[in-house]
Amino acid sequence: MVAYLSIYAQDTIVLKEITINENYPILILKAIDTVRLKHKIYQPVSNLLEHEPGIYLKKYGFNNLQLISIHGTQAHQNLILWNNMPINSTLNGQHNVNSLLNLYEKPIQLSYGIHSKALMSGSFGGIVLLNSTIDSLSEKNTLFYTGFESLINSTIAISKTNDFSFVKMKNTLVVQYNQNRFNYLNNAVLPQIYCKNHSEAKIIEVNNEEFWHHKKWNIHFSNRVYLSNQEIPPIMTAYYKTEHNEWTKEKQIQSVINAFYKNKLRVTTGFRYSTLEYFLNHSINRQPVTIIQSLSNEPSFFLSTNFRKQLKRSFYSSTTLNYHFLSGFFLNQLTNILFEKYQNRLELSQHIEKKWNKLKQTISLTGLLHNANFYLLPSITHQVQLNHFDFYHSIGYNIRIPYLNELYFIPGGNPKLKPEEALQNDLRLSYSISKNRNFLKFILNPHFSSYTNWILWQPTQFGYWEAKNLRKIILLGNDFSLTHQVLVNKVTVYQS
């Protein structure tokens with residue numbers, strides 16, 4: 001259980017959970033409130049996600065790799081959308097959420113379970129949406145920010161916002177320096193030695209946002225460059241003298257364009273390029289056990305369009321077409337073993353929404369084309385609103401295509417892998433009541449999923465791990481959250 005308590009000025013507005021139906025059918029989006037966003041500006045998005053129910057962060061050291069798990073799923077079974085474009089790795093399907101910085105006081109939105117298929121298939125646990133809006137940009141100004149978690153962990157940011165008659169833009173530069181210091185007693189040798197060590201992480205990010213308006217079109221340009229150099233210090237065990245030297249150098253370039261026409265049509269196109277240098281030297285008593293030195297490149301291209309139309313008074317249609325080109329290059333620099341593969345994924349989704357007085361119903365049908373194989377993914381969603389109560393229920397079929405490492409990694413990749421299939425059932429009950437600036441919200445979210453062909457890396461008799469399909473996996477659980485805000489003597493107390 002996580003509790004978050006904030007006290008702030010009376011005129012502060014708290015952004016509660018919202019449901020957006022502009023370009024999509026019934027889509028439950030949970031927004032992280034503005035209190036946390038404001039207090040954690042220029043901090044990793046992982047610092048915000050770790051407080052959300054149903055989300056678990058797998059941390060590999062302080063300010064190092066952090067992977068997200070939603071509803072018990074694995075990191076590559078969830079999607080990260082940056083301005084409507086997926087930015088998961090094309091090789092292993094994961095993304096280090098510690099590398100994403102909260103640059104704006106804007107909603108970071110979450111879509112759980114089968115609900116997320118309205119955005120894109122293949123995400124069993126859910127989707128994290130990091131979308132900028134023109135409202136998230138402040139007025140014309142120059143901002144200089146410095147933050148210190150300690151004397152050896154600091155963040156410096158400079159941002160410039162310009163507002164012209166035809167365009168509004170913001171440019172941001174963020175520099176981070178983190179150092180972890182370790183003090184430990186080495187009892188693997190005699191006499192025992194008191195040791196000190198440290199590791200460094202240097203991060204630079206450049207971000208550009210531009211919002212253009214031309215007649216009935218609103219066009220949004222987003223560009224991001226991310227550079228990092230991180231190292232992990234040696235680790236000493238209790239019996240053997242073990243050294244574990246590990247470091248990574250990463251570069252990411254992301255660029256995406258979103259064009260909106262009359263809030264009925266959205267066109268998204270963008271590309272992502274990532275390169276990673278990885279080094280590992282694991283030795284015992286100065287004898288090498290494992291040495292890895294590798295280089296990987298991951299170019300990808302994404303194109304998406306969404307069209308929403310009101311057919312009749314209470315009927316709405318939403319059509320989405322997604323094309324995703326994924327490419328991956330991996331080189332073992334010690335053995336010169338490499339592979340270079342690519343995938344093409346084409347997805348067409350049709351959603352029909354029917355509205356009654358207090359009932360909304362959406363029937364969705366998604367067709368996924370991959371390597372001449374076609375998959376049909378139906379789902380149905382109900383939403384009922386009665387006074388202070390909201391009821392959502394979704395059941396549907398979802399599928400995840402294996403990523404390039406699972407298919408082609410040397411050794412262990414398995415080209416004969418079958419796609420993971422899931423029958424997902426999500427139920428959500430919420431109760432909310434508000435008066436003046438006081439409100440109370442209670443959410444209960446039980447979920448049940450049955451998976452076939454679940455992909456898991458398993459050890460083999462030949463000394464390496466191989467990706468294999470498991471017959472059947474069942475995941476079930478329940479999320480609970482309680483949020484309340486109370487105004488006491490012109491002071492607002494907010495807790496969740």
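Reckoned from all heavy atoms, side chains included, excluding hydrogens, waters and symmetry mates.
- When all heavy atoms of Ala467 and Glu406 are compared, the pair lying nearest together is CB-O, 3.7 Å.
- A donor-acceptor contact under 3.5 angstrom links the side chains of Thr381 and Ser394, judged on distance only.
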Intermediate values then yes/no, side-chain contact (heavy atoms from CB on, under 4.5 Å), Leu326 and Lys341
CA-CA 8 Å; Leu326 302 90; Lys341 299 291 182 178; over 6 Å; no
Using the salt bridge (charged side-chain N to carboxylate O under 4.0 Å, His left out) rule, take Lys59 and Glu50 through it: C-alpha gap first, then chi angles, then the decisive distance, then the call.
CA-CA 11 Å; Lys59 300 182 180 181; Glu50 64 182 354; 2.9 Å; yes
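- Taking the six-membered ring wherever Trp is involved, the centroid distance between the rings of His71 and Tyr112 falls below 6.0 Å.
- Here the two rings, on Phe260 and Trp217, have centers that are 6.0 Å apart or farther.
- Taking the ring centroids of Phe442 and Tyr431, they lie at or beyond the 6.0 Å cut-off.
- In this structure, Lys309 fails the cation-pi test against Tyr316, since its NZ or CZ atom is not both closer than 6.0 Å to the six-membered ring centre and inside 45 degrees of the ring normal.
- A distance of 11.5 Å separates OH of Tyr323 from CZ of Phe302, quoted to the nearest 0.5 Å.
- Here the side chains of Ile156 and Val174 are not in contact, with every heavy-atom distance at 4.5 Å or above.
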Set out, in order, the CA-CA distance, both residues' side-chain angles and the distance that settles side-chain contact (heavy atoms from CB on, under 4.5 Å) for Trp82 and Val256, then state yes or no.
CA-CA 9 Å; Trp82 180 74; Val256 64; 3.6 Å; yes
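- There is no side-chain donor-acceptor pair under 3.5 Å between Lys441 and Ser430.
- Under the 4.5 Å side-chain criterion, counting only non-hydrogen atoms from C-beta, His324 is not in contact with Asn322.
- Considering Thr73, Val97, Asn88 in turn, Thr73 is the only one that fulfils the side-chain contact (heavy atoms from CB on, under 4.5 Å) rule with Asn78.
- Formation of a donor-acceptor pair under 3.5 Å by the Asn371 side chain with backbone atoms of Asn373 is not found in this model.
- Atom OG of Ser89 is separated from atom CD of Gln252 by 9.5 Å, given to the nearest 0.5 angstrom.
- Here the side chains of Asn398 and Ile114 are in contact, with some heavy-atom distance below 4.5 Å.
- Between Asn445 and Asn478, the shortest heavy-atom distance links the atoms C-OD1, 3.2 Å.
- Summarising the geometry, atom CD1 belonging to Ile473 is positioned 7.0 Å from atom CG belonging to Leu475; distances are rounded to the nearest 0.5 Å.
- Side-chain contact between Ile363 and Leu365 is absent, with no heavy atoms from C-beta onward closer than 4.5 Å.
- Side-chain N/O atoms of Asp426 and Tyr392 include no donor and acceptor closer than 3.5 Å.
- In terms of modelled atom types and a separation under 3.5 Å, the side chain of Asn218 and the main chain of Ala259 share no donor-acceptor contact.
- For Leu377 against Ser121, the heavy-atom pair with the smallest separation is CD1-CB, 3.8 Å.
- Taking 4.5 Å as the limit, every side-chain heavy atom of Tyr226 sits out of range of all side-chain heavy atoms of Leu100.
- For His115 (side chain) and Lys117 (main-chain N/O), no donor-acceptor pair under 3.5 Å exists by modelled atom type.
- Looking only at atom types and distance, the side chain of Asn131 has a donor-acceptor partner in the side chain of Asn84 under 3.5 Å away.
- The heavy-atom pair separating Pro53 from Ser481 by the smallest distance is CG-CB, 4.0 Å.
- Side-chain contact between Thr161 and Asp163 is absent, with no heavy atoms from C-beta onward closer than 4.5 Å.
- The two residues Thr90 and Glu298 come nearest to each other via the heavy atoms N-OE1, 3.0 Å.
- In this model, no donor atom of one side chain and acceptor atom of the other lie less than 3.5 Å apart for Ser222 and Arg224.
- Atom NE2 in His214 sits 12.0 Å away from atom NZ in Lys216 (nearest 0.5 Å).
- Side-chain atoms of Ser364 and His351 form a donor-acceptor pair, as typed in the model, at a separation below 3.5 Å.
- With Glu420 contributing its side chain and Ile455 its backbone, the two residues share a donor-acceptor pair below 3.5 Å.
- Atom NZ of Lys264 is separated from atom OG of Ser318 by 13.5 Å, given to the nearest 0.5 angstrom.
- Figure legend: Arg345 and Tyr403 shown as a cation-pi pair, the cationic atom lying under 6.0 angstrom from the six-membered ring centre and within 45 degrees of its axis.
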Test side chain to side chain donor-acceptor pair (under 3.5 Å) on His220 and Glu209 and set out the steps.
CA-CA 7 Å; His220 175 207; Glu209 301 277 352; 2.5 Å; yes
Test side-chain contact (heavy atoms from CB on, under 4.5 Å) on Tyr42 and Ser159 and set out the steps.
CA-CA 11 Å; Tyr42 300 114; Ser159 67; 3.7 Å; yes
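- Side-chain contact of Asn208 with Asn223: a donor-acceptor pair under 3.5 Å is present, judged by distance alone.
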Tyr375 and Ile401: CA distance, side-chain angles, deciding distance, side-chain contact (heavy atoms from CB on, under 4.5 Å) verdict
CA-CA 11 Å; Tyr375 306 93; Ile401 305 297; 4.0 Å; yes
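- Here Lys360 contributes atom NZ and His382 contributes atom NE2; the two are 14.0 Å apart, rounded to the nearest 0.5 Å.
- For the pair Ile395/Gln424, no side-chain contact is recorded, criterion being any heavy-atom separation below 4.5 Å from C-beta on.
- Within the 4.5 Å cutoff, no side-chain heavy atoms of Ile158 are placed close to those of Leu143.
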Step by step, would you call Thr366 with Ser349 a side chain to side chain donor-acceptor pair (under 3.5 Å)?
CA-CA 4 Å; Thr366 301; Ser349 299; 3.0 Å; yes
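- Around atom NZ of Lys251, no more than 12 heavy atoms belonging to other residues, nucleotides or ligands sit under 6.0 Å away.
- A ring-centre distance under 6.0 Å is found for Tyr451 and Phe124.
- Nearest heavy-atom pair, Asn344 versus His370, reported as atom, atom and distance to 0.1 Å: O-CD2, 3.5 Å.
- Side chain to side chain, Asn92 and Asn405 fail the donor-acceptor criterion of an N or O pair below 3.5 Å.
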